[in-house]
There are 2 protein chains.
Amino acid sequence: MKETATQILDAAEAMMRDGGYHAFSFREIATKLSIKSASVHYHFTTKEALGNAVTQRYTNNFLAALGEPQTHSDPIDHYIDHYIALFRQSLEADGRPCLCGILASESGRLPESMRDTLKEFNSKNLTWLEGSLSNRQDWTNHHRQEMAHIAFSALEGAMIFASLNQEAGHMVRVGDRLKTLLAA
Amino acid sequence: MKETATQILDAAEAMMRDGGYHAFSFREIATKLSIKSASVHYHFTTKEALGNAVTQRYTNNFLAALGEPQTHSDPIDHYIDHYIALFRQSLEADGRPCLCGILASESGRLPESMRDTLKEFNSKNLTWLEGSLSNRQDWTNHHRQEMAHIAFSALEGAMIFASLNQEAGHMVRVGDRLKTLLAA
DNA sequence: TGGAACCTATCTACCACTAGATAGATAGGT
DNA sequence: ACCTATCTATCTAGTGGTAGATAGGTTCCA
């Protein structure tokens, strides 16, 4: 059996990816794990602390799965496939979109500390994407940056769209088309 | 002075665009308008009703501002500029992103009726975009559809990203680059 | 005088969070 | 080997506060 703290993180992540930070409660997590909400507070003192823990774990997992783009010299398709596959997996594994996209969209009512974590997720993703485009030497730095922004935005947007329609296919099509745009 | 019902819709829309459906309350709206929460219930019986009213008004305003793309024969830049300008305005007017993007991202915990309204917003936007691409006769229907999907997803994603960073510039850059991609 | 708009007062259910207790495991000293 | 102290993880019971919602009264204008 997994550690309780891990189970709490898992449950909170699932709920946050369903409806964001404001759509879950300690009680709901407790009920799901057949413990009391006080026990959830034992592991994570405040809701903000739990939210940050979930977001940080998600970010770390995501970045770890990305790896370092600079160390390879594969063709660009390889990176883009890899990147898109991660987003796709996130959605197809349990029908829930990327945590950080969801949280970013309610950033206006999020604790400051969580906004910082989200900004880090975004900037690290962009850095990775820009790095993976570095072997497109026919592009200027500025162009690479912009294309990275487009790719990231489009994937986040597509995932949200796909989750509303419960249709991972949309995500896949946008991803494929994006790949041809970036590798063309 | 505006009608109370309209003021309620305005306040609710602002709050929903800050943090989504779960991040505002009748009491909060009442306080902002210096009335009591019971009076808000007089105008909108349930939260779901208010949420739907806000979403439907937003959708209608947005679609009305879009107009009918088929009736013109302007170059493609015109449509895209027009479309992007709407998203941009939404963000720059009050620093808040598109309502429907935010709500879509918490669709997992939204009343069914609101999900339907959101799907309508999305499909009508895509129809409009596809229509505006119809004078790209060098593209197949399928290609036009995919490019419309990409454009829509990228703009929604970019807006969410921009709102997190309080930086409308990002939105603008993605929009411009997108335009060149569609008009190229 | 009747109805629209708003009120007071209240309800039930839930929220995040805390205090205090307890069972069970672990560790250290004698 | 036993005792003591501490730690972990959970509990019960409760805090003050807020959620959405409602019944019934007041005000005011046409």
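A note on names: the letters A, B, ... follow the listed sequences, proteins ahead of strands, and every chain is numbered from 1.
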- Item | B:Thr117 side chain to B:Ser113 backbone, donor-acceptor under 3.5 Å | yes

- Can you check the A:Ile35 CD1 to D:dT12 P distance for me, whole Å? 12 Å

- Item | Cluster check B:Val172, B:Leu155: I/L/V/M/F/W/Y, side chain < 4.5 angstrom | no

- Hydrophobic cluster membership, A:Ile160 vs B:Leu129, 4.5 Å side-chain cutoff: no

Please tabulate, for the side chains in residues 144-152 of chain A, all donor-acceptor contacts under 3.5 angstrom to protein atoms that are two or more places apart in sequence or on a different chain.
from     : atom 1 : to       : atom 2 : distance (Å)
A:Arg144 : NH1    : A:Arg136 : O      : 2.8
A:Arg144 : NH1    : A:Trp139 : O      : 3.1
A:Arg144 : NH2    : A:Asn141 : OD1    : 3.3
A:Glu146 : OE1    : B:Arg177 : NE     : 2.7
A:Glu146 : OE1    : B:Arg177 : NH2    : 2.8
A:His149 : ND1    : A:Gln145 : O      : 2.9

- Within-4.5 Å side-chain heavy-atom neighbours: B:Ile8 and B:Leu50: yes

- Considering non-hydrogen atoms only, spot the tightest contact between B:Lys32 and B:Ala11 and give its length. CD-CB, 4.2 Å

- Item | Contact summary for B:Thr55 and B:Leu99, nearest pair of heavy atoms | CA-CD2, 3.9 Å

- Considering only heavy atoms from C-beta outward, does the side chain of B:Leu103 approach that of B:Phe121 to under 4.5 Å? no

- With a cut-off of under 6.0 Å to the ring centre and 45° to the axis, is B:Lys47 in cation-pi contact with B:Tyr21? yes

- Using the heavy-atom set of chain A and a strict 4.0 Å cut-off, write down the first and last nucleotide of DNA chain C that makes it in, 5' to 3'. C:dC15 to C:dT18

- Item | Contact list for DNA chain D against residues 46-58 of chain B - heavy-atom distance below 4.0 Å | B:Thr46, B:Lys47

- Query: Looking at residues at least two apart in the chain, or sitting in another chain, which of them share a ring pair (Phe, Tyr, Trp, His ring centres under 6.0 Å) with A:Tyr83?
  - Reply: A:Phe87, A:Trp128

- Message: Short of 4.0 Å, heavy atom to strand atom, which residues of residues 36-44 of chain B count as contacting DNA chain D?
- Response: B:Ser37, B:Ala38, B:His41

- Task: Mark yes or no for whether B:His22, through its side chain, and A:Phe24, through its backbone, hold a donor-acceptor pair below 3.5 Å.
- Result: no

- Taking all heavy atoms of B:Ala162 and all of B:Ala168, pick out the closest pair and write down the distance. CB-CA, 4.5 Å

- Query: Quick one: what's the B/S/- string for nucleotides 24-30 of chain D, heavy-atom cutoff under 4.0 Å, read 5' to 3'?
  - Reply: -------

- Note on the structure: Those residues at least two apart in sequence (or on a different chain) that pass side chain to side chain donor-acceptor pair (under 3.5 Å) with A:Asp18 are A:Arg96

- The correct set of residues in residues 102-110 of chain A placing a heavy atom under 4.0 Å from DNA chain C is none

- Paired and unpaired positions of DNA chain C as dot-bracket, Watson-Crick or G-U wobble under 3.5 Å, | denoting a partner strand: ||||||||||||||||||||||||||||||

- Task: Can you see which heavy atom on B:Arg109 is nearest to which on A:Ala23, and at what distance?
- Result: NH1-O, 2.9 Å

- Kindly indicate whether the side chain of A:His170, heavy atoms from C-beta on, has any atom under 4.5 Å from the side chain of B:Ser153. yes

- Query: Hey, is the main chain of A:Leu86 close enough, under 3.5 Å, to the side chain of A:Ser90 for a donor-acceptor pair?
  - Reply: no

- Item | Minimal non-hydrogen separation, B:Arg17 against B:Ile102, with atom names | O-CD1, 2.9 Å

- Note on the structure: Numerically ordered, the residues 8-27 of chain A set in heavy-atom contact under 4.0 Å with DNA chain D is none

Would you mind writing out the side-chain donor-acceptor pairs for residues 34-44 of chain B within the sub-3.5 Å range, not counting sequence neighbours?
from    : atom 1 : to      : atom 2 : distance (Å)
B:His41 : ND1    : B:Thr45 : O      : 2.8

- Task: Please name the pair of heavy atoms, one in B:Ala154 and one in B:Leu178, separated by the smallest distance, quoted to 0.1 Å.
- Result: CB-CD2, 4.1 Å

- Qualifying residues under side chain to side chain donor-acceptor pair (under 3.5 Å), relative to B:Arg57, sequence neighbours excluded: B:Asp10, B:Glu13

